[in-house]
Asker: 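One structure, pasted below without further comment.
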Amino acid sequence: YKNNIEIVLLTARTKKELKQLIGLREFLSDIRVILILPDRDHETISDAHALYPRFITYIDGDYSDLKAVLTKMQYSLKVQKHSCGLNHKI
């Protein structure tokens, strides 16, 4: 992972901001992306998939699902790191 960043939460308040985020996608490879989108428009959602998000939610949401997803991702990363450490041979 780049600079030890494993999860990034991105918020696009407008479609223009989403386009700008998409322009940064090369810097987001190998990073788990969570997106908060401005609307549920088909074009917006279609464009958002260019970032290969692990989870998408919307700016007008209550974020309870987002909290659950972040918690699960953090747990998964801890388990992954722990198991990698246990499998390391000296």
Side-chain angles (χ1 to χ4, degrees):
Y1 297 110
K2 298 178 181 182
N3 298 319
N4 296 322
I5 297 172
E6 297 171 335
I7 300 171
V8 65
L9 174 63
L10 302 173
T11 302
R13 293 174 294 175
T14 65
K15 289 182 183 193
K16 181 179 179 182
E17 285 184 2
L18 178 59
K19 298 281 187 194
Q20 292 170 336
L21 291 173
I22 290 169
L24 300 173
R25 74 176 155 222
E26 69 183 84
F27 301 106
L28 300 171
S29 63
D30 299 325
I31 298 174
R32 291 167 175 87
V33 175
I34 297 174
L35 273 177
I36 300 176
L37 297 178
D39 58 59
R40 292 167 175 78
D41 182 69
H42 177 74
E43 181 183 349
T44 302
I45 296 167
S46 180
D47 289 347
H49 282 284
L51 293 169
Y52 301 103
R54 299 283 180 109
F55 182 73
I56 294 175
T57 192
Y58 304 94
I59 207 152
D60 63 353
D62 70 2
Y63 302 123
S64 59
D65 287 345
L66 175 62
K67 180 182 176 186
V69 168
L70 277 170
T71 301
K72 186 174 179 181
M73 282 183 168
Q74 289 174 323
Y75 177 77
S76 175
L77 287 170
K78 284 180 186 178
V79 168
Q80 231 176 16
K81 287 180 182 180
H82 181 70
S83 68
C84 287
L86 291 177
N87 294 331
H88 182 69
K89 294 181 181 178
I90 298 177

Asker: Suppose we screen for side-chain contact (heavy atoms from CB on, under 4.5 Å). Which residues come up paired with Thr14, at least two apart in sequence or across chains?
Answerer: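 If we apply the side-chain contact (heavy atoms from CB on, under 4.5 Å) test to Thr14, skipping adjacent residues, the hits are Lys16, Glu17.
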Asker: Looking at CD1 of Ile31 and CG of Leu51, how far apart are the two atoms once the value is rounded to the nearest 0.5 Å?
Answerer: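 Going from CD1 on Ile31 over to CG on Leu51, the span is 11.0 Å.
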Asker: Please name all residues satisfying salt bridge (Lys or Arg N to Asp or Glu O under 4.0 Å) with Asp41, sequence neighbours left out, ordered by chain then number.
Answerer: Lys15
Asker: May I have all residue pairs that pass salt bridge (charged side-chain N to carboxylate O under 4.0 Å, His left out) and include part of residues 61-74, sequence neighbours excluded?
Answerer: none
Asker: Which atom pair, heavy atoms only, marks the closest approach of Pro38 to Ala12?
Answerer: CD-O, 3.1 Å
Asker: By salt bridge (Lys or Arg N to Asp or Glu O under 4.0 Å), which residues pair with Lys19, not counting sequence neighbours?
Answerer: Asp47
Asker: Apply side-chain contact (heavy atoms from CB on, under 4.5 Å) to Ile45 and list each qualifying residue two or more places apart in sequence or on a separate chain.
Answerer: Leu37, His49, Tyr58
Asker: How would you list, by chain and number, every residue that makes a side-chain contact (heavy atoms from CB on, under 4.5 Å) with Ala68, sequence neighbours excluded?
Answerer: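 Partners of Ala68 under the side-chain contact (heavy atoms from CB on, under 4.5 Å) test: none.
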Asker: Got a sec, which residues hit side-chain contact (heavy atoms from CB on, under 4.5 Å) with Tyr63, two or more places apart in sequence or on another chain?
Answerer: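 With sequence neighbours excluded, Tyr63 shows a side-chain contact (heavy atoms from CB on, under 4.5 Å) to Ile36, Thr57, Ile59, Leu66, given in chain and number order.
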Asker: In Å, rounded to the nearest 0.5 Å, how long is the span from CD1 of Ile34 to CD1 of Ile56?
Answerer: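 Ile34 atom CD1 to Ile56 atom CD1 measures 11.0 Å (nearest 0.5 Å).
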Asker: Which residues pass the salt bridge (Lys or Arg N to Asp or Glu O under 4.0 Å) test with Asp60, sequence neighbours left out?
Answerer: Arg40
Asker: Kindly work out whether a path of hydrophobic side-chain contacts (I/L/V/M/F/W/Y, heavy atoms less than 4.5 Å apart) joins Leu24 to Tyr52.
Answerer: no
